[in-house]
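One structure below.
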Amino acid sequence: MLDKVSGFVTDQVQPAESTLDAGGPQAREALNSLRAEAKARGLWALPLPLEHGGGGLGLADYFALAEAEGRSDHGPAALGSASLLDVRMLTAHASTPVREQYVGALVAGEITGCYAMTEPEVAGSDPTGILTRAERVADGWLVTGRKWFTTGAADAAYCTVLARSPKGLSSFVVPTGSPGFRVVRELPVLGAAGQYEIALEDVLVPRENLLGDEGSGLAIAGGRLALGRTLRCLRWIGQAERAYDLMCDRATSRRLGDGVLADRQLVRQHVFEALLAIRSARALTHRAAALVAEGERARVEIGLAKVAAARTLHQVVDSAVQVFGAEGLTPDTPLPMLARLGRAARILDGADELHVSATARAVLAQRS
Ligand SMILES: Cc1cc2nc3c(=O)[nH]c(=O)nc-3n(C[C@H](O)[C@H](O)[C@H](O)COP(=O)(O)OP(=O)(O)OC[C@H]3O[C@@H](n4cnc5c(N)ncnc54)[C@H](O)[C@@H]3O)c2cc1C
């Protein structure tokens, strides 16, 4: 299975990356044809439940594939596993009608969801400052506020919105077709499509679209983020390994003077530091993944892995660009795209500083 996933990502997904990054109708068409191919090859939705048409892999088995799948940022969407976080969240916390409406369609790839926590007016690093509010009304909730960096909002069938309600922060499943739900603008991240700012203006959300109990929004977000961060780390290591492979191939083939780049000690240093970073981040990530697969929150292990994997991707891609020279800055190589992912990795799912601070606080608290 690992060989099949790896072959699919390398031969099918990677050649389509520039079309997929550009967004729009051509990107949608390319993604749909990749999905059809993944289904035909028996590689569709591997970690999703069997009863809905997924592959039924448990987390530990799926983690063993996630690095290969994530060598392309588009791998999870093309292979149907990008909805894993939503499917698990809805299965655990949604009412029966909401589960019935969305879970099967998510696994089949007929719809996608998006997740809206971060807001323009307050620091995303501290969700207790969230301003979006939900007021209880006779037939449900009225949700009002603004969110941004809501990945995939323009194509999603629903948006899970974290909002302030009388008993604390709560999560609501908001259909994107609801009156008052609006995509305000696209926010290209270092030139790539996929991020949006959205507005919710008195959106009426049915009572049964509250996830879990009122006030449980942060706990639900925490469970989702633990798995989400672990998966991101595995994917970032896959992307770092891809940049590392490119760098080594270039170093051993590019002629310089009487030999090749790899003969130079300063080039070898780039290779050594990259290998050291990848192996260290992989060990930390596998430790976190093993605990998450057993249902542990693993805050310290995830904090270490998240910072290590994000820094590794950023550092290894930067070294690869350096070893390539000017060509590494052009779309003749995937390095500019990987550089964008590496830069964003140090901010999304919690900025480095947040994890450094929270992890150190947790280990110090264990000692007092
Ligand atoms: C590509 C991409 C996709 C994203 N997808 C989503 C999504 O789908 N849904 C969603 O809700 N959000 C999403 N985000 C938003 C992301 O989660 C936030 O950007 C992140 O949580 C940081 O919040 P912020 O941008 O408001 O930065 P802020 O919280 O304003 O932080 C700014 C800076 O302050 C510093 N800082 C923060 N905390 C600390 C601390 N404790 N100690 C010291 N310094 C600190 C850091 O340098 C940080 O970069 C995405 C972001 C990107 C780039």
Side-chain angles (χ1 to χ4, degrees), residues 20-21 23 70 72-74 76-77 82-86 89 112-132 143 145-164 169-174 176 181 183-200 211 217-218 220-229 231-233 235-236 239 299 302-303 306-307 309-311 313-314 336-362 364:
L20 294 165
D21 274 342
S72 170
D73 195 42
H74 299 285
S83 59
L84 177 63
L85 298 184
D86 267 23
M89 178 184 73
T112 55
C114 60
Y115 190 79
M117 190 163 162
T118 311
E119 302 187 351
E121 302 300 330
V122 290
S125 304
D126 177 15
T128 62
I130 278 176
L131 298 173
T132 298
V143 180
R146 236 171 220 244
K147 301 280 182 181
W148 68 355
F149 297 97
T150 310
T151 307
D155 295 319
Y158 66 88
C159 181
T160 305
V161 176
L162 196 60
R164 183 169 303 287
L169 289 172
S170 304
S171 294
F172 300 88
V173 176
V174 181
T176 51
F181 184 99
V183 173
V184 177
R185 60 177 174 141
E186 182 161 13
L187 277 166
V189 166
L190 297 174
Q195 310 301 326
Y196 297 90
E197 178 170 348
I198 59 171
L200 298 107
L211 288 181
L218 274 188
I220 293 173
R224 180 187 169 97
L225 278 170
L227 176 58
R229 286 169 174 153
L231 287 171
R232 290 241 206 239
C233 290
R235 292 166 185 162
W236 289 334
Q239 290 157 20
R299 284 197 176 90
I302 292 172
K306 204 274 171 183
V307 174
R311 280 184 186 169
L313 179 56
H314 190 214
M337 175 203 61
L338 291 169
R340 162 175 57 80
L341 297 172
R343 193 64 198 82
R346 297 188 45 216
I347 294 177
L348 63 85
D349 272 1
D352 282 3
E353 292 88 340
L354 179 77
H355 291 288
V356 168
S357 182
T359 305
R361 194 172 58 235
L364 290 169

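Order of appearance sets the numbers: ligands from 1, and atoms from 1 within every ligand.
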Exercise for the section: May I ask you to say whether D349 pairs ionically with R229, meaning some side-chain N is under 4.0 Å from a carboxylate O? Expected result: no
Fill in the blank from the handout: For S125, the ligand 1 atoms with a heavy-atom partner under 4.0 Å come out as 23 (O), 28 (P), 29 (O), 31 (O), 37 (C), 38 (N)
Practice task
Around atom 8 (O) of ligand 1, find the nearest protein heavy atom and jot down its residue, atom name and distance.
Solution key: T151 OG1, 3.0 Å
Handout entry: Side-chain donor or acceptor of T150 paired with backbone N/O of A116 under 3.5 Å
Key = no
Practice task
Please answer whether the main-chain N or O of T128 pairs with a side-chain N or O of R164 as donor and acceptor at a distance below 3.5 Å.
Solution key: yes
Practice task
Give a yes or no answer on whether the side chain of S170 reaches the backbone of A163 with a donor-acceptor pair at less than 3.5 Å.
Solution key: no
Exercise for the section: Look at atom 23 (O) of ligand 1 and find which of G124, G129, G350 reaches it with the closest heavy atom. Expected result: G124
Problem - A351 neighbourhood, listing ligand 1 atoms whose heavy-atom distance to it stays under 4.0 Å - result: 46 (C), 48 (C), 49 (O)
Handout entry: Under 3.5 Å: N/O of E353 near N/O of ligand 1
Key = yes
Practice task
May I ask you to decide if Y196's main-chain N or O and K147's side chain share a donor-acceptor pair within less than 3.5 Å?
Solution key: no
Exercise for the section: Can you spot which of L211, T118, L218 makes a side chain to side chain contact (heavy atoms under 4.5 Å, CB included) with L162? Expected result: L218
Practice task
Considering only protein heavy atoms, determine whether one is less than 4.0 Å from atom 48 (C) of ligand 1.
Solution key: yes
Completion exercise
Rounded to the nearest 0.5 angstrom, the OG-CZ distance for S171 and R224 is 9.0 Å
Exercise for the section: Could you verify whether a donor N or O on one side chain and an acceptor N or O on the other, from Y158 and D86, lie under 3.5 Å apart? Expected result: yes
Exercise for the section: Give the residue, atom name and distance (to 0.1 Å) of the protein heavy atom nearest atom 13 (C) of ligand 1. Expected result: F149 O, 3.0 Å
Problem - Backbone N/O of L338 and side chain of Q239: donor-acceptor pair under 3.5 Å - result: no
Handout entry: Top protein contact for atom 20 (C) of ligand 1, by heavy-atom distance
Key = I347 O, 3.6 Å
Fill in the blank from the handout: min-distance protein heavy atom vs atom 51 (C) of ligand 1 -> L348 CB, 3.7 Å
Problem - Part of Q195 within contact of ligand 1 (heavy atoms, under 4.0 Å) - result: side chain
Exercise for the section: Would you please say whether a donor-acceptor pair under 3.5 Å links the side chains of T132 and E119? Expected result: yes
Exercise for the section: Just jot down the ligand 1 atoms closer than 4.0 angstrom to any heavy atom of M117, in number order. Expected result: 10 (C), 11 (O)
Exercise for the section: For atom 12 (N) of ligand 1, grab the closest protein heavy atom and report residue, atom and distance to one decimal in Å. Expected result: T118 OG1, 2.7 Å
Problem - Ligand-side contact atoms (ligand 1) for residue partner D349, heavy atom cut-off under 4.0 Å - result: 17 (O)
Practice task
Ignoring hydrogens, tell whether any protein atom lies closer than 4.0 Å to atom 33 (C) of ligand 1; use the non-hydrogen atoms only.
Solution key: no
Exercise for the section: With heavy atoms of Y115 as the reference, note each atom of ligand 1 found under 4.0 Å away. Expected result: 7 (C), 8 (O), 9 (N), 10 (C), 11 (O)
